[in-house]
Structure formats: C-alpha cells, structure tokens
Amino acid sequence: MNFLRGVMGGQSAGPQHTEAETIQKLCDRVASSTLLDDRRDAVRALKSLSKKYRLEVGIQAMEHLIHVLQTDRSDSEIIGYALDTLFNIISNDEEEEVEENSTRQSEDLGSQFTEIFIKQQENVTLLLSLLEEFDFHVRWPGVKLLTSLLKQLGPQVQQIILVSPMGVSRLMDLLADSREVIRNDGVLLLQALTRSNGAIQKIVAFENAFERLLDIITEEGNSDGGIVVEDCLILLQNLLKNNNSNQNFFKEGSYIQRMKPWFEVGDENSGWSAQKVTNLHLMLQLVRVLVSPTNPPGATSSCQKAMFQCGLLQQLCTILMATGVPADILTETINTVSEVIRGCQVNQDYFASVNAPSNPPRPAIVVLLMSMVNERQPFVLRCAVLYCFQCFLYKNQKGQGEIVSTLLPSTIDATGNSVSAGQLLCGGLFSTDSLSNWCAAVALAHALQENATQKEQLLRVQLATSIGNPPVSLLQQCTNILSQGSKIQTRVGLLMLLCTWLSNCPIAVTHFLHNSANVPFLTGQIAENLGEEEQLVQGLCALLLGISIYFNDNSLESYMKEKLKQLIEKRIGKENFIEKLGFISKHELYSRASQKPQPNFPSPEYMIFDHEFTKLVKELEGVITKAIYKSSEEDKKEEEVKKTLEQHDNIVTHYKNVIREQDLQLEELKQQISTLKCQNEQLQTAVTQQVSQIQQHKDQYNLLKVQLGKDNQHQVSSSDGAQMNGIQPEEIGRLREEIEELKSNQELLQSQLAEKDSLIENLKSSLTTPGTNEATASAGESEQIAELKQELTTLKSQLISQSGEITKLQTEKQELLQKTEAFAKSVPVPVESETVIAAKTADVEGRLSALLQETEELKNEIKALSEERDAIKEQLDSSNSTIAILQNERNKLEVDITDSKKEQDDLLVLLADQDQKIFSLKNKLKEFGHPIEEEDELESGDQDDEDVEDEDDSKDQGHIQL
C-alpha cells in the first residue's frame, strides 16, 4: 500500500483530484447503501472508471469489491460488475502504454494488486466458489480474473488452489461448459495453472483432461482447427513435458493412437494456412515430448513402440516424403521422426525400408543425405537431417553395417545408376563446402560409434583421387586433407572422425601410424604457438596423438608407446601437451554441445562439436593424461594388469557362459519336471481310479458272497458259484457229509424197494421228477460258472493294465533319476569363483535336491502301488487255487452222482423184474383158485404209498444238498 500511495503522490493534481473524490463517493455508496440497486449502480460506475483510473480504483475500492463478492452472491449482476472491476485493476492486458517506464509501472501495479488480493487466501477460495455458478455474467469474469492472478503471481496462486478443497476439480468443469467462450478461456486458465507445477499437472491429468482436450481438438478439426486447437496443444505440452507420470498415463490410456489423425494432411499445396502450420508444429512438438531423449529410457521405448504399432510413425514418414510441405514443418517432422526411431530397432528397421516417391524409388535415407550435403538447402534443414541420420544409427549396429557396406568395393554400383549413402558421405567429406565436410564427418563417425567391426571394415575403403594415380585409403585421404590446411570447421570435423575411428581399435591405430607423415604432422601442430582460433585444432590433434598412444598395441617398432611418449617429451613437453589437450573441454561451445543430442546451432559457424564426441572426450581425457605421465615400468605393469584383467574377464565370460548354459539346462529341466508332474498327476489320477475300481470290485465280491450264502439252501448252482469265488474248507467238508448221507439214503432205498414191491409204480413216477430237477440244476450251475469266469477274466485284464502303468511309472522314474544324476555330475564347481557364481551353484544344488526329493516321493508312491498290486495278485492266486480245489471236488461229486444214478437204474430194473414176477404169480394163484384178500392188498398198498412218499422226500433232500 505504501508503494501505491507513493505512486499516487507522484501523480499531478488537478482533474484527477476530482476523479479521486468521485471514486471515494462511489466506494462510500457501495459500503453504506442499503438498497441493492444503489450498490449495483455504484459498482457499475467503478467498473467504468477502473480502466482509466486503475490505481485510484484499486487503492480505494478493492476491499469494498471483495466485500460485495462475499455478501451479495444472490445478485449475479453486481457480482459480475465487481469481478470485471477487479480484473481491470489486476490485469495488464488492457494497458497500451507507449513509454517503457509506463509499461513497467503497469506491470508493477498488477503484481502489487495481485499480492494484496491473495494475501487473504479466503479471497482465492471465494473466487473458486464463484466459478461454480453457471450464470455467464459470473463465471466468465471469474475465469478471466483467476487467469490474470495466475499470470501475475503464478506459484503463489497455484499453491493456494492446490491446498483448496476440490479447487482443481472445479476448474476442470470449465472444459465441459457448453459455451465456447468460457470453455476456451478455461483452457487458457488451465495453461497458466499447470505451468511448472508437477503436482497440479498430475491432478489435472487424472481429472480426465487428456480425454476432454483430445475431444475438443477433434471437434475443432484437428490441424485444420483454429486458435482453440493451439491453446489445447499448449496445455497438453504443459501436462506432459518433463512429467513421467503423466506421460505413462497418456500412453496407458491409448491416447497416442488418437494422435494419428492429426497428421493426415495429404499433398495439397493450397491447404497450409498460418494457423494450420502453427497447429501442426505444436502437434509435432507434442510427439517429441513423449519420445524425448531426456525421458527415462523405458518410457521412451514404450512410446516409440506404441507409435509404430498404431501407424503414427508411418504417417510421419508420409509427410516426410510428401511434396509441398512448408520448410519449417518439414524440418520439425524430420526432428520428430529422428526421436521416434532413436534407439528403437523396430522403428529404425522400418525407416530403413521407407522409399521416396521418385522414379526410380530411392531410400529415404539417401534422399535426406542429399539434402544434408547440398549447400543450397536451409541450415536448419541440414541440421535436422544430420540429427535424423544420427538417431537412425544410434545403438543400431545393423544400420551401421549397411552404411559402411555401401563404401566397400564389393557393394559399390559399377554402373553409376544409383547413388548410395556411402558415396554421398564421401562426396560431402571432400567437397569445398566446410559445413558439408563437418556434417559428413560427424555422420560417418556415428556409423563407427561403439562398433569395432565397422571400424576395421572402413579401413578397406579405397578412394580414386585422380586419373592415373593409385587409389588411397579413406584414412590416408582424411590425413592428407588435414595437412593441406583447410578451414577450421573442416579440420575439426575430420579430427573428430579420426578420433572416433581410432578409439578402441588398435588395428586402426596401427594403420594410422604406418604412414610416417602423420605423427610429425600432429606433433608439429601441437608444438606451434598459434592463435585462439587454432587452439581447438591443437587440442584435437593432442587427443588424436593420445589415442594413438593409449590404444597402441606396440606392433610397430618405430612407433611403440614408449617411443611416442619420448617424442612428446622432447618436442612438445608433457605439461604443454596436457594443456593443449585441455583446450577441448574448456571451449565455450563444448558444454553447449554436451547438453542435448540434437545439433541445434543458431548459425553454421557455431557448428563445431558433436554430442557423442563430447562424451568420448570426457571418457578419454583422463586416461590419456595418466598414460602420458606413466613410465615404461608402469606401462609394463599396466600391460600385465590388463592381461590379468583380460584373463579374469575371459574367466568371468566363461563362467557367464557356463551359468547361461546352466540356466538353459535348468529351464529345460523345469519344463521336464513340469511335464513329469503333469504325467505324475495323471498317473495318480489313474491309480486312484484303479484303486476305486478295485474297491468297487471287492465290495461287489463281498456282496455276491453274502447273496450266495443266503441262496445256498435253495440253489445248488449258486452254491457252486460261491464256492468258486472263495469258499472255505469247512464248506467242502459239509459237502462230503452230504454225499455220505446221500449214500445212506440210497442203501435205505434199496432195503425199502426190497421189502415193498407193491409200490414200484409210484416209485417210478417219483424218480422221473428228480431227474428233471437234476437237469435244471446242472444248467443253472453251468451258467453261474460261466458268469464268474467272465468276471474273473475282467479282473485279470484290469490287473494287467494296472501292472503296465506301474511299470511305465517305474521306467519314467528311472529316466528322471538318470537325467538328474547326469545333470548333477555335469555341473562344474569352480574353485575360486565369484560370489555370484557361488550363489548360482547353491541355487542349482537346492533345485537338484528338491528334484531328487520329488523323485524319491514318486519312487515311494510307485513302491506302494507295486505292493498293492502284489497283494491283489496274491489274492488272485489264492482265488485261483481255491477254484482249482473246488473244481476237483466238483468232479469227484459228479463221479459219485453218476455212480448213484447207475445204481438207481439197476435197482429200477430189478424192481421192474420183481414186479413182473409178482404180477405173474398172482395171476397163476388166481388161475389155481387161490383167494387173495383185498384188505391185505389195501394195507399193503397204503404201506407202499407211505414208503414211496418217504423215499421221495429223501431224494428231494439229497438233490437240494447236492
């Protein structure tokens, strides 16, 4: 307030004094008037004065206006006037001051009034609550006022909104407002709210902001939309840039797929308005935010894969090869494609397959390289192409090999019909344009980055310098150009190429030192005292000479490590050499190039260092310094240490391979174990089923035994069947007693037949009936025996199948034991292994012990099944022996019965003869007139009837017992 009063005091008196009095009267009316209409009119008047007399209205009326917002919420009109007045006071948008001092004063006023307003946090909370009102005259001024507060003192207002309950959620509702002006201003409000505040960015993202913003962009026509699309894209950038959580949420929500329609622009030359160019530029930047090299590698890789899978990369390549695309859009598209393919093998392979729509078709890489080495192309476009080529080769050994192969003699097109990437790089490397020299050298260096194979392959490249002269190697041609004293940019590019080529490649170092002119040239360049412009070249020469020492394998006697260090000591001096080497990292453009991979330079003269080369300098500067100061003895010790380390590395590599093989074997064993477990479970299920079936058969057998015991007194055949299924010896003795009883009955019958001849006819009729019963019993007995034999055969077949399964289990068990023992014997135990190898070995032993334990359990289960099978087999043998015994007894009984039948037949014949004799004697007595008493005949007939009945009963009983 003191500042504001000071500003007022500095203003001139006069007409403004009258306006100040008017403002004071209006403030009094707002504060003291009881009628709402009077207060409303006073606030309306203050609103009209607030633009011109911003300072006076702000000082005198702010407290009254805030009070109106608190007390008169029921009247939307006065609330709208109050919000508009506060907006005019705080905002700097309406001020159009010509003088710079007035503009600064206006900005200071806005920030001062904002500070006064937010000093009471309840004022911001009150403003947030007013935004819930749907009335247009309240919501729209409230949005504008809050936006102005955020522009003036963003971090402080953000913090107040962040701690306010449901503060961010209330603001998100603005995006769903059906009135476009409020929705559009809501987007601007969220832009200011989310700027540089990760916590609010996350809240806004999880309030479904991505879905709503993408819907708005689609409704507005994607890239053909107006400024609303631009505002939405800026807000999306705020939410995603440097916010890994939101980027992951954006990818997981499948929102990358919704970006593809943005880039369906076609080939129309007339459809590129200024707004469309701006929108498409922002869309491309949004894609780059998701795949920026500064993001975590995992997040970048997943976004790159998603862009390829949904066709977004293919759409970008279509724009890349289209005609009529504005230069700035084409440049940004190249940069975007570069980061989408950087380090992603799938995307890099696809990009290598893209062809330009020309006749004949040319690879997109070749077309881009033609632009890079063409000095008539815009500088930013050439930088973008270089970045694209670098990203294509980043961690892409396959692509590096393809580029280098285009330089080798066996792959060069002799007809000259097509231009290869290697030919373009060589052409740019030796052209008269220094920028082309630098770009080609850096591009070729990236083809060799971390790839010793291609460094050796590039040594085979031969160049024809002029007609009649023998070809020279590419390595020699580069050193020849260096010695010719070309431009600094060209020499820097060639030196970076040579340093990259020779690092970590002793063969290339040998080739370089083999040319006797190279080392004197380097020592001469380093030893001279040149100007500041040449200091960088001296530093790079020192680096190249240091690489030639550090990676020297001493294969050339004249240029061994010790001799080169002595040469430096004599001609340059070690301290001077180290000082010149330090010129590289101390250069003002070195730190700028080391920050980002993209070669982003304001003008060609700033294009000096490459990002990957700065990493190489940082890696080698220290080791070269140590190598220069080391004595020959230390070198020998270092060589011994290197050899030891190499041996150690070889041992470690060997053990790694062994562990890798063991891991593979373990995986195979795991699969086998899982298979055996499945088979074991299946066999256990089968065994369980067999056991249950055996139990069922046992139950059926016991039930049948009980039933046969009950029916023993009624059916002889059932009795025989029961005997065959396990009758005890006591029952056999009982049968023998019954046979003896039958014999006694037969003897009794013979005596009775002898005494009672008169009853022979009745005895014949009674003997006929037992014969029929005997035949029926024999048939039933045969059927029962057949059924029991069939059941016995079924049981035998089940036991045989079970025995086969048990044998199979034993075989699989033996195979598993043999494999396990062979694996245990094949696992080597290193004597002096590292901690990791010991842990691996312990893990293997634990797994083997678990496997042996599981095999032992299987063995016990199979043993139990074998015992159970043997028990069942013994029971079956016992049953078979019992059946054989019973069969013998049955045969004996059948013989005895046959004998009895024969005796009965003989008796019947005798009885018939006797009856015939008695009858003939009676007739003779009648003929001689001898009387025969009828009473005797009747008595004898009755007696004969009783004897016949007794005889029939005894025979029936004998049949039942049989």
Side-chain angles (χ1 to χ4, degrees), residues 365-366 368-390 393 403-404 406-407 419-449 455 458 461-466 472-502 512 518 521-522 525 530 533-541 543-544 584 587 589-590 593 599-614 616-617:
I365 298 174
V366 173
L368 292 175
L369 288 177
M370 292 172 67
S371 300
M372 185 185 74
V373 298
N374 187 354
E375 55 184 315
R376 291 176 294 181
Q377 293 292 340
F379 173 68
V380 290
L381 179 62
R382 299 174 73 179
C383 291
V385 173
L386 176 61
Y387 184 46
C388 184
F389 191 74
Q390 292 174 350
L393 298 177
I403 296 299
V404 173
T406 59
L407 286 165
V419 180
S420 66
Q423 291 172 339
L424 287 171
L425 290 177
C426 282
L429 195 62
F430 307 122
S431 71
T432 57
D433 179 29
S434 60
L435 184 59
S436 298
N437 300 152
W438 190 92
C439 291
V442 171
L444 196 55
H446 277 261
L448 307 176
Q449 198 76 36
K455 291 178 182 179
L458 200 64
V461 177
Q462 300 290 322
L463 301 175
T465 55
S466 60
V472 296
S473 66
L474 177 62
L475 183 65
Q476 185 59 45
Q477 184 66 16
C478 291
T479 57
N480 292 341
I481 296 175
L482 277 176
S483 61
Q484 292 173 4
S486 54
K487 295 181 180 178
I488 292 180
Q489 193 173 39
T490 301
R491 284 182 287 163
V492 169
L494 291 173
L495 285 168
M496 287 195 298
L497 171 60
L498 292 172
C499 290
T500 305
W501 194 347
L502 269 59
F512 179 76
N518 290 337
F521 168 74
L522 293 178
Q525 288 286 320
L530 303 174
E533 294 181 355
E534 295 291 334
Q535 286 183 353
L536 177 59
V537 175
Q538 288 183 316
L540 292 172
C541 289
L543 178 64
L544 182 57
I584 302 174
H587 197 278
L589 298 178
Y590 176 86
N600 188 12
F601 305 102
S603 59
E605 55 268 17
Y606 288 91
M607 188 176 262
I608 298 297
F609 286 108
D610 174 57
H611 175 75
E612 292 296 329
F613 180 74
T614 60
L616 181 66
V617 172

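- Remark: Tyr590 pairs with Phe609 by the ring pair (Phe, Tyr, Trp, His ring centres under 6.0 Å) rule, at least two apart or across chains.
- In plain terms, the two heavy atoms of Pro599 and Leu386 that are nearest each other are CG-CD2, 4.3 Å.
- Within the 4.5 Å cutoff, the side chain of Cys478 has heavy atoms near those of the Leu474 side chain.
- For the side-chain hydrogen bond (donor to acceptor under 3.5 Å, both in side chains) condition, the pairs that include at least one residue of residues 491-501, sequence neighbours left out, are Arg491-Glu534.
- Across all their heavy atoms, Gln525 and Cys541 have their closest contact at CB-SG, 3.9 Å.
- A distance of 7.5 Å separates CD of Glu612 from CD of Gln390, quoted to the nearest 0.5 Å.
- Side chains of Met496 and Val442 form a contact here, defined as non-hydrogen atoms less than 4.5 Å apart.
- In this model, no donor atom of one side chain and acceptor atom of the other lie less than 3.5 Å apart for Gln484 and Asn480.
- Here the closest non-hydrogen pair linking Cys426 and Leu463 is SG-CD2, 4.3 Å.
- Ser436 places a side-chain N or O within donor-acceptor distance of the main-chain N or O of Val373, the cut-off being under 3.5 Å.
- Although no hydrogens or angles enter the test, the distance criterion places a donor-acceptor pair under 3.5 Å between the side chain of Asn437 and the main chain of Gly428.
- Considering every non-hydrogen atom in both Pro602 and Phe379, the closest pair reads C-CE2, 4.3 Å.
- Checked by atom type and distance alone, the side chain of Trp438 never pairs as donor or acceptor with a backbone atom of Val492 at under 3.5 Å.
- In terms of heavy atoms, Ser371 sits closest to Gln377 at O-CG, 3.4 Å.
- Nearest approach of Leu393 to Ile403, heavy atoms of both residues: CD2-CG1, 3.9 Å.
- Between Met372 and Cys388, every side-chain heavy-atom pair lies at or beyond the 4.5 Å cut-off.
- The line from CG of Leu435 to CG of Asn374 is 11.0 Å long, rounded to the nearest 0.5 Å.
- The side-chain hydrogen bond (donor to acceptor under 3.5 Å, both in side chains) check on Ser434 picks up Gln489, with sequence neighbours excluded.
- One N or O on the side chain of Gln423 and one on the backbone of Ser420 form a donor-acceptor pair closer than 3.5 Å.
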